[in-house]
Amino acid sequence: MKKLMSLLGTLALAFALIVPVSADGHENAMVRVLHASPDAPAVDVYVNGEVAVEGAEFKALTDYLTLPAGDYNVEIKPAGDAETVVVATDLSIEAGKFYTAAAIGQLANIEIAAMEDDANFEDGKSKVRVAHFSPDAPAVDVAPKGGDPLFSNLEFKAVSDYGTLDAGTYDLEVRPAGATDVVKALDGVALEGGKNYTAFAIGLLEGEPAFEVLLAADGGEMAGAPETGQGGLAQTASMNWLLAAAVLGAAAAGFYVFRRQKQDA
Amino acid sequence: MIAPGADAPDADSKLTTVGFADPLVLSATEIDRQSFHTDTFVPKRLKIPSIDVDAVIQPVGKDRLDRMDTPTDADEVGWYRYGAKAGATGNVVLSGHLDDLRGPAIFANLGELRLGESVTLQRSKKVIEYEVVSVERYRLEDVPLASIFAATQATRLQLITCAGPYDPEHGYRDRIVVTAIAKV
């Protein structure tokens, strides 16, 4: 029933036109999509009935899409199959903010998890968070090798808050919550100062595709497209008009002079 | 390549589809630990042999309308200081003039670039080469700003200039965006 309702919502929204993105970028929100459903096929992502991402496979993270702030219906469909909706959701997005929408869970229980990404940066620091999107993994801690957890007791579907770390290279490990054995060792994780990151734990502990962790930089410093012309090339075209006008003017003046001479004669 | 007479899609056209941001797969093997930090630099010189560009690069920020800036000198190219450095993970963004009041400027032929052609950024002895992977033309209001300015795990270069009909009040109608990927 829920799916039917969102489908009806989609139909209603499909008739609404997408408002053009503002030129200076002030009213835009930025949204990206992650395919984290281990057994789902490659998908297309539709925003208000229009295709926005094509052929995203498991593990694919898109660039941020630029959308005017507002309410949207996001639908995920099998790649190339516009008729079937795998899962859909409504998203409200605010101007100047960044979001990640992730398709998570096994196909039978697929859902969309939406989160806001931090785009406020600190010099020399990295803000990092962890998203647990591995459906069969237990609750986990993420810690420096052998150290105390930086992120504790994250269950499937949980997204941690951002923690602030000094920029640098870290050897991290994913452990079952409260335990010391290692689910996954992550050596040489390089975090650049002034950037924020989300680490997405995806895949399956038992079976394929295997458990792994993706690191993605979040947010960004947005700007409008630059003004890169002063019309010099276009002026050559309008110059022809000026020239034509001048010729016409001269002809008219000539005619006047001609008339005057005639009258004088 | 975009033919000089080519037109951007209509203003009421559809959403621009986005590409992928290539997240880094973290693993226990020591992969490329250096890739984040080594030899990224603020670019000083841009060379695009196929369209005869050899230009000085100036760092730029945003203008009072919150748009990316472009150097006043129409023969120079602007590097967006809030974006990535040359060779770094993320988007390195460069803007250049199509023309000034007198005629063609440094990026007049940007739209003639073809896929696979080479673009290099330099600062003294440091050089990084990129390969053109897309040449697109958009109406100003359809430019995929987030693909250009927001974070990505890809090592990309974005070159922007104006195109299309000129209106003294609103400037050029279109923008050309050339995307290139760092060669490994």
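A, B, ... follow the sequence lines: proteins, then strands. Residue 1 opens every chain. Being a predicted model, the structure only gives us computed values, none of them experimental.
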[X] to [Y] - nearest heavy-atom pair and separation:
| X | Y | result |
| --- | --- | --- |
| B:Tyr80 | A:Glu221 | OH-O, 2.7 Å |
| A:Thr228 | B:Ser95 | CG2-CB, 4.2 Å |
| B:Arg67 | A:Ala223 | C-CB, 4.2 Å |
| B:Arg175 | A:Glu227 | NH2-OE1, 3.5 Å |

So for [X], is it side chain, backbone, both, or neither that comes closer than 4.5 Å to the heavy atoms of chain B?
| X | value |
| --- | --- |
| A:Ala56 | both |
| A:Phe98 | side chain |
| A:Glu212 | side chain |

Within this structure, what is the [atom1]-[atom2] distance for the pair [X] and [Y], rounded to the nearest 0.5 Å?
| X | Y | atom1 | atom2 | answer |
| --- | --- | --- | --- | --- |
| A:Leu61 | B:Asp22 | CG | CG | 9.0 Å |
| B:Phe20 | A:Leu34 | CZ | CG | 11.0 Å |
| A:Met222 | B:Lys62 | CE | NZ | 8.5 Å |

With chain A, which of [options] has the greatest number of heavy-atom pairs at distances under 4.5 Å?
| options | result |
| --- | --- |
| B:Ala108, B:Gly96, B:Gly171 | B:Gly96 |
| B:Ala150, B:Gly90, B:Ala163 | B:Ala150 |
| B:Leu98, B:Asp100, B:Thr152, B:Thr161 | B:Asp100 |

So, does [X] use its side chain to make a donor-acceptor pair with the main chain of [Y] at under 3.5 Å?
| X | Y | answer |
| --- | --- | --- |
| A:Glu54 | B:Thr17 | no |
| A:Tyr64 | B:Leu145 | no |
| B:Asp99 | A:Gly229 | no |
| B:Tyr166 | A:Gln230 | yes |
| A:Lys59 | B:Pro23 | no |

- Message: I'd like to know whether CG of A:Asp181 has more than 12 heavy-atom contacts from other residues, nucleotides or ligands below 6.0 angstrom.
- Response: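 More than 12 within 6.0 Å, yes.
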- Task: Tell me, yes or no, whether the heavy-atom count around A:Glu57 atom CD, taken from other residues, nucleotides or ligands under 6.0 Å, exceeds 12.
- Result: no
- Message: Do A:Arg32 and B:Val18 have side chains that approach each other closer than 4.5 Å (heavy atoms only, starting at C-beta)?
- Response: no
- So do the side chains of A:Leu233 and B:Tyr172 get within less than 4.5 Å of each other, counting heavy atoms only?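 The answer is yes; the side chains approach within 4.5 Å.
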- Show your reasoning for whether side-chain contact (heavy atoms from CB on, under 4.5 Å) applies to A:Lys195 and B:Thr89. CA-CA 11 Å; A:Lys195 282 195 174 185; B:Thr89 302; 4.2 Å; yes
- Query: Most heavy-atom pairs under 4.5 angstrom with chain B, which of A:Gly219, A:Ala199, A:Gly220?
  - Reply: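 If we count pairs closer than 4.5 Å to chain B, A:Gly219 comes out on top.
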- May I ask you to decide whether A:Asp63 forms a salt bridge with B:Arg156, counting only side-chain N to carboxylate O separations under 4.0 Å? yes
- Item | Ionic contact status for B:Lys85 with A:Glu192, cut-off 4.0 Å |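 Not counted as a salt bridge, because no side-chain N and carboxylate O are separated by less than 4.0 Å.
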- Query: What part of B:Thr70 is in contact with chain A, defined as an atom under 4.5 angstrom from a non-hydrogen atom: side chain, backbone, both or neither?
  - Reply: side chain
